[in-house]
Peer 1: 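This is the structure I have questions about; it appears just below.
None of these values were measured; they are calculated from a predicted model. Numbers for residues simply follow the sequence, beginning at 1.
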Amino acid sequence: MASPRILLLGGHGKVSLLMTPKLLSRSWNVTSVIRNPDQKADILEAGKNGPGRIDVLVESLEDVKSDEQAKAILEKTKAEWVIWSAGAGGKGGPSRTNAIDRDACIHFIRAALSSSTITKFLIVSALSSRRDRAAWWDDESWAMARKINEEMPIYYKAKLAADETLTALGEQKKDFGYIVLRPGGLTDDKEVGKISFGKTKARGMVTRGDVAEVAVKLLEKESVRGWFDLLGGEEETDAAVERVLREGINSMEGEDLEAMKKDVAPL
């Protein structure tokens with residue numbers, strides 16, 4: 001595999017900082033986007049062992065108000081793959097959540113899908129981000145997902161809008177690798193290396209390190225498309241990823257793709 005140029009949006013997030021050395025260890029080149037220039041040292045420290053190249057770009061995602069602005073950043077960095085691991089993090093109220101988690105994310109999705117050189121887009125989302133009950137969920141899982149979404153309605157709607165935009169547009173572009181990685185509750189515990197992956201229950205936790213590892217493993221595979229739910233579990237990470245991809249498991253099963261397409265403006 002040639003060394004791709006990756007744009008990592010939300011580069012100072014906890015998952016991103018754990019993901020950065022994993023990306024670089026595969027000789028992939030990363031431009032990490034951060035809002036605060038004081039965070040640059042942390043990014044360079046995370047990427048110090050390479051062998052891929054790490055660059056830092058200071059840009060406020062909150063200020064990205066159009067597809068054209070997102071496109072300018074993609075072109076500036078010559079991105080071939082895009083990772084969205086950014087978010088308001090509950091800071092700044094509903095307007096900021098919508099501005100970052102929904103609007104800016106969608107602008108980057110649309111700009112990426114309009115590009116002839118970008119071939120993959122991975123978004124770190126949330127397990128409860130779906131319209132309907134998953135067929136494999138029991139009553140407890142469905143109740144838990146609804147409870148989470150009702151407690152954080154702005155966040156839920158923002159994430160769902162971004163996920164559905166990537167899915168609807170990604171489905172319409174042949175050979176485009178769109179990946180919606182959907183972890184449960186996140187912990188800062190040490191990476192375990194054992195997960196529940198593909199079709200999981202709705203309640204559970206997973207380490208940020210395991211999320212970072214799964215994201216990179218999905219990116220290094222070819223022709224990966226779809227939604228992938230993730231919790232801590234008992235299956236070795238390598239085996240779980242291989243099984244899910246081999247069996248064609250897609251956690252989007254049961255969602256209405258045609259409804260998504262109707263809600264998403266064409267490119």
Peer 1: Between Asp238 and Lys217, is there a salt bridge with N-O shorter than 4.0 Å?
Peer 2: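 Answer for the salt bridge query: yes.
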Peer 1: When you check the side-chain N and O atoms of Thr207 and Asp210, is any donor under 3.5 Å from an acceptor?
Peer 2: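 Judged by distance alone, the side chains do pair up.
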Peer 1: Could you tell me whether Glu140 and Arg203 have a side-chain N and a carboxylate O separated by less than 4.0 Å?
Peer 2: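 A salt bridge is present here (some side-chain N lies under 4.0 Å from a carboxylate O).
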Peer 1: Ignoring hydrogens and geometry beyond distance, is a side-chain donor-acceptor pair present between Glu171 and Tyr178 at under 3.5 Å?
Peer 2: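 The answer is yes; a qualifying pair exists.
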Peer 1: Taking NZ, NE, NH1 and NH2 as the nitrogens, is one of them in Lys120 or Glu80 under 4.0 Å from a carboxylate oxygen of the other?
Peer 2: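 Salt bridge absent between Lys120 and Glu80.
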Peer 1: Within the side chain of Arg146, is there an N or O that forms a donor-acceptor pair under 3.5 Å with the backbone of Arg133?
Peer 2: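 Pair absent, no side-chain N/O of Arg146 close to backbone of Arg133.
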Peer 1: Would Lys71 and Glu68 satisfy salt bridge (Lys or Arg N to Asp or Glu O under 4.0 Å), going step by step from the backbone distance to the final call?
Peer 2: CA-CA 5 Å; Lys71 179 182 178 182; Glu68 289 70 26; over 6 Å; no
Peer 1: So, Ser125 versus Asp163: side-chain donor-acceptor pair below 3.5 Å or not?
Peer 2: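 Checked: Ser125/Asp163 side chains pair up, N/O donor to acceptor below 3.5 Å.
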Peer 1: Which residues satisfy the side chain to side chain contact (heavy atoms under 4.5 Å, CB included) test with Leu18, sequence neighbours excluded?
Peer 2: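 Once residues adjacent in sequence are excluded, the partners of Leu18 under the side chain to side chain contact (heavy atoms under 4.5 Å, CB included) criterion are Arg208, Ala212.
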Peer 1: Looking only at side chains, do Asn149 and Ser128 share a donor and an acceptor under 3.5 Å apart?
Peer 2: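 Yes, Ser128 and Asn149 have a side-chain donor paired with an acceptor closer than 3.5 Å.
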Peer 1: Walk me through whether Asp263 and Arg131 qualify under salt bridge (Lys or Arg N to Asp or Glu O under 4.0 Å).
Peer 2: CA-CA 13 Å; Asp263 290 342; Arg131 297 191 191 201; 2.7 Å; yes
Peer 1: Which pair of non-hydrogen atoms, one from Ser16 and one from Gly11, has the smallest distance, and what is that distance?
Peer 2: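 It is CB-O, 3.4 Å.
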Peer 1: Taking ring pair (Phe, Tyr, Trp, His ring centres under 6.0 Å) as the test, write out the residues that go with Phe228, two or more places apart.
Peer 2: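 Phe228: ring pair (Phe, Tyr, Trp, His ring centres under 6.0 Å) contacts with Phe197.
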Peer 1: Regarding His12 and Asn36, do their side chains bring together a donor and an acceptor under 3.5 Å, going by distance alone?
Peer 2: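 No, because no side-chain N or O of His12 sits under 3.5 Å from a partner of the opposite role on Asn36.
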Peer 1: Run through the side-chain heavy atoms of Ile, Leu, Val, Met, Phe, Trp and Tyr, join any pair under 4.5 Å, and report what else lands in Leu231's cluster.
Peer 2: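 Direct or chained contacts put Leu231 with Leu127, Trp136, Trp137, Trp142.
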Peer 1: Is Lys40 salt-bridged to Asp38, cutoff N-O under 4.0 Å?
Peer 2: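 No salt bridge links Lys40 with Asp38.
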Peer 1: Please identify each residue that fulfils side chain to side chain contact (heavy atoms under 4.5 Å, CB included) with Arg96, with sequence neighbours left out.
Peer 2: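 Arg96 satisfies side chain to side chain contact (heavy atoms under 4.5 Å, CB included) with Arg35, Glu62, Ala88, Lys91, Ile100 once adjacent residues are dropped.
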Peer 1: I'd like to know whether NZ of Lys65 has more than 12 heavy-atom contacts from other residues, nucleotides or ligands below 6.0 angstrom.
Peer 2: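 More than 12 within 6.0 Å, yes.
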Peer 1: Which residue pairs pass the salt bridge (charged side-chain N to carboxylate O under 4.0 Å, His left out) test when at least one of the two sits in residues 14-31, sequence neighbours left out?
Peer 2: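 Matches after skipping sequence neighbours: Lys14-Asp188, Lys22-Glu191, Lys22-Glu213, Arg26-Glu220.
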Peer 1: Determine, for Glu150 against Lys147, whether the closest basic-nitrogen to carboxylate-oxygen distance falls under 4.0 angstrom.
Peer 2: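 Not counted as a salt bridge, because no side-chain N and carboxylate O are separated by less than 4.0 Å.
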Peer 1: Who pairs with Lys261 by side chain to side chain contact (heavy atoms under 4.5 Å, CB included), at least two apart in sequence or on another chain?
Peer 2: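 For Lys261 the side chain to side chain contact (heavy atoms under 4.5 Å, CB included) partners, ignoring immediate neighbours, are Ala168, Gln172, Leu257, Glu258.
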